Protein chains: 2
Amino acid sequence: MTVAPDAKRLSFEDLDDAVRALREAGLRLSTSRRLVLEALFRTDGPVSAEQLATGLGVELSAVYRNLETFERHGLVRHVHLGHGPGRYMLVGGGEHEYLYCERCGATRAVDPPQLDAVRDRIAEQFGYQARFTHFPIVGTCPACRDN
Amino acid sequence: MTVAPDAKRLSFEDLDDAVRALREAGLRLSTSRRLVLEALFRTDGPVSAEQLATGLGVELSAVYRNLETFERHGLVRHVHLGHGPGRYMLVGGGEHEYLYCERCGATRAVDPPQLDAVRDRIAEQFGYQARFTHFPIVGTCPACRDN
DNA sequence: ATACTTGCAAATGATTTGCCAGTGT
DNA sequence: ACACTGGCAAATCATTTGCAAGTAT
């Protein structure tokens with residue numbers, strides 16, 4: 001259901017790259033951290049902590065702790081797609097912003113520049129600096145609109 | 001609970017009006033329902049179920065059940081402002097859409113037409129029909145942006 | 001060696017649900 | 001009278017936290 005944008009340029013090309021970043025941040029490479037990182041590299045959409053935990057046989061709380069650590073050091077971030085658990089992903093060279101269909105759950109990821117017109121309009125009218133990285137634009141997708 | 005697109009649009013000036021709407025929906029006017037309705041009329045912004053419950057001495061679960069009932073019948077709706085509990089409000093005359101500051105929690109309610117330009121832009125570019133009633137536009141408010 | 005991490009269990013916050021006594025119509 | 005509703009307790013879901021045992025450096 002999640003559609004990635006065309007230009008998918010990650011700043012961490014591979015696991016070794018991410019591991020180096022971890023090390024530079026003074027963090028240890030524990031087994032579960034490596035497993036979670038590997039899984040994130042192997043996954044191409046936002047994943048829940050639960051999905052990671054069960055898929056890897058790592059304790060859920062450890063996964064949350066890992067993700068939080070990675071997030072604190074800029075390797076990972078998460079998005080809240082409607083109700084349900086947060087979805088985590090590697091931080092790439094560019095962030096993505098999201099559009100979410102409340103009806104069917106379809107998630108569309110877009111590159112931030114594509115939303116600049118929208119963002120500018122909002123800034124102009126209300127002075128708010130909008131970001132759709134942590135909380136998406138919520139609405140109805142084309143398919144659901146046509147029922 | 002997601003607001004159904006075919007939910008009836010109700011408009012009521014005061015408690016009696018709302019009570020009439022309740023009755024017409026075939027619902028009973030129990031003590032806790034009356035108390036919750038009264039509290040909603042006397043409250044200006046979106047309130048959490050917890051705030052209602054403690055302020056009224058009504059069981060939290062009953063408040064949730066009341067709110068859900070009201071929502072099912074189009075008297076009430078709720079918005080998710082960042083993390084934290086859902087915030088409930090009367091549907092009353094017209095809907096509002098929200099802008100939320102992730103930094104300070106500031107919430108700005110706007111009349112839907114004010115967001116039509118933004119909405120149109122999003123529809124044009126992505127085909128999504130955006131609504132900021134259930135989930136707000138999230139970002140940084142003017143005050144926080146100027147630090 | 002020792003500081004950091006995990007597994008496990010229990011706590012937390014938000015919300016839901018089962019059950020039975022009580023109340024609105 | 002009867003179905004509907006509230007109080008209360010327990011369950012659920014997502015996430016966090018405390019602690020003792022295990023592991024990376």
Side-chain angles (χ1 to χ4, degrees), chain A residues 15 18-39 46-73 75-89 105 134-135, chain B residues 1-3 15 18-39 46-73 75-88 105 134-135:
Chain A
L15 188 61
V19 168
R20 184 182 331 116
L22 256 194
R23 291 239 142 87
E24 278 166 21
L27 296 172
R28 290 182 185 180
L29 183 64
S30 67
T31 306
S32 83
R33 280 186 187 161
R34 188 178 39 71
L35 286 170
V36 170
L37 270 186
E38 284 172 2
V47 230
S48 71
E50 170 107 54
Q51 288 176 291
L52 290 167
T54 61
L56 300 173
V58 177
E59 259 300 303
L60 184 53
S61 63
V63 171
Y64 273 113
R65 280 198 261 233
N66 290 341
L67 290 170
E68 204 244 301
T69 299
F70 296 156
E71 198 152 12
R72 205 157 12 84
H73 289 85
L75 299 219
V76 159
R77 64 195 175 82
H78 72 269
V79 60
H80 294 281
L81 302 174
H83 301 132
R87 311 275 165 173
Y88 297 79
M89 68 204 92
H134 187 201
F135 289 102
Chain B
M1 220 214 104
T2 302
V3 180
L15 187 62
V19 167
R20 185 179 330 118
L22 255 194
R23 291 240 142 86
E24 276 166 23
L27 297 171
R28 291 182 184 178
L29 182 65
S30 67
T31 306
S32 84
R33 280 187 189 160
R34 188 177 39 71
L35 285 171
V36 171
L37 270 185
E38 285 171 1
V47 224
S48 71
E50 172 107 54
Q51 288 175 292
L52 289 166
T54 61
L56 301 172
V58 176
E59 259 299 304
L60 183 55
S61 63
V63 171
Y64 273 113
R65 280 198 262 233
N66 290 341
L67 290 169
E68 205 245 303
T69 299
F70 296 155
E71 198 152 12
R72 254 202 342 271
H73 290 84
L75 299 221
V76 160
R77 65 195 175 81
H78 73 268
V79 61
H80 294 281
L81 302 175
H83 301 131
R87 310 277 164 172
Y88 297 77
H134 187 202
F135 290 101

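Protein chains get the first letters and strands the later ones, always in sequence-line order, with residue 1 at the start of each. This is a predicted model, so every value here is computed, not measured.
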Heavy-atom nearest pair, B:Tyr88 first then B:Ala49, reads CD1-N, 4.2 Å

Note: chain A reaches DNA chain D at heavy-atom distances under 4.0 Å over the stretch, first to last nt, 5' to 3', of D:dA14 to D:dT25

Rounded to whole Å, the CG-C1' distance (A:Leu67 to C:dT5) equals 15 Å

Q. Is a donor-acceptor pair below 3.5 Å formed from side chain A:Arg65 to base C:dG7, judging by atom type as modelled?
A. yes

Per the under-4.0 Å heavy-atom filter, residues of residues 24-34 of chain A near DNA chain C come out as A:Leu27, A:Arg28, A:Ser30, A:Ser32, A:Arg33

The side-chain contact (heavy atoms from CB on, under 4.5 Å) partners of B:Arg20 (sequence neighbours excluded) come to B:Asp17, B:Glu24

For A:Arg23, the side chain to side chain donor-acceptor pair (under 3.5 Å) test, sequence neighbours excluded, returns none

In short, salt bridge (charged side-chain N to carboxylate O under 4.0 Å, His left out) pairs touching residues 50-66 of chain A with sequence neighbours left out are none

Practice problem: Quick one: do A:Leu67 and A:Leu52 satisfy side chain to side chain contact (heavy atoms under 4.5 Å, CB included)? Show the steps, please. | Solution: CA-CA 10 Å; A:Leu67 290 170; A:Leu52 290 167; 4.1 Å; yes

| When you look at A:Leu56 and A:Val63, which way does the side chain to side chain contact (heavy atoms under 4.5 Å, CB included) test go after all the steps? | CA-CA 10 Å; A:Leu56 300 173; A:Val63 171; 5.5 Å; no

Residues at least two apart in sequence or cross-chain that pass ring-ring contact (aromatic ring centres under 6.0 Å, His included) with B:Phe70, listed by chain then number, are none

When rounded to whole Å, the CG to P distance for the pair B:Leu81 and C:dA14 reads 13 Å

Residues at least two apart in sequence or cross-chain that pass salt bridge (Lys or Arg N to Asp or Glu O under 4.0 Å) with A:Arg72, listed by chain then number, are A:Glu68

Students often mix this up, so state it plainly: with edges at 30° and 60°, are the rings of A:His83 and B:Phe135 parallel, tilted or perpendicular?
tilted

Hey, mind stepping through B:His73 and B:Leu27 against side chain to side chain contact (heavy atoms under 4.5 Å, CB included) and telling me if it holds? CA-CA 9 Å; B:His73 290 84; B:Leu27 297 171; 3.6 Å; yes

For B:Arg28, the side-chain contact (heavy atoms from CB on, under 4.5 Å) test, sequence neighbours excluded, returns B:Arg33

By side chain to side chain donor-acceptor pair (under 3.5 Å), B:Ser61 pairs with (sequence neighbours left out) none

To the nearest angstrom, the OH-C1' distance between B:Tyr88 and C:dA14 comes to 9 Å

In short, the helix from C:dT12-D:dA14 to C:dT25-D:dA1 is bent end to end, axes from five pairs each side, to 10°, by 20°

Residues at least two apart in sequence or cross-chain that pass side-chain contact (heavy atoms from CB on, under 4.5 Å) with B:Gln51, listed by chain then number, are B:Val47, B:Ser48, B:Arg87

What residues 46-64 of chain B contributes to the DNA chain C interface at heavy-atom separation below 4.0 Å is B:Leu60, B:Ser61, B:Tyr64

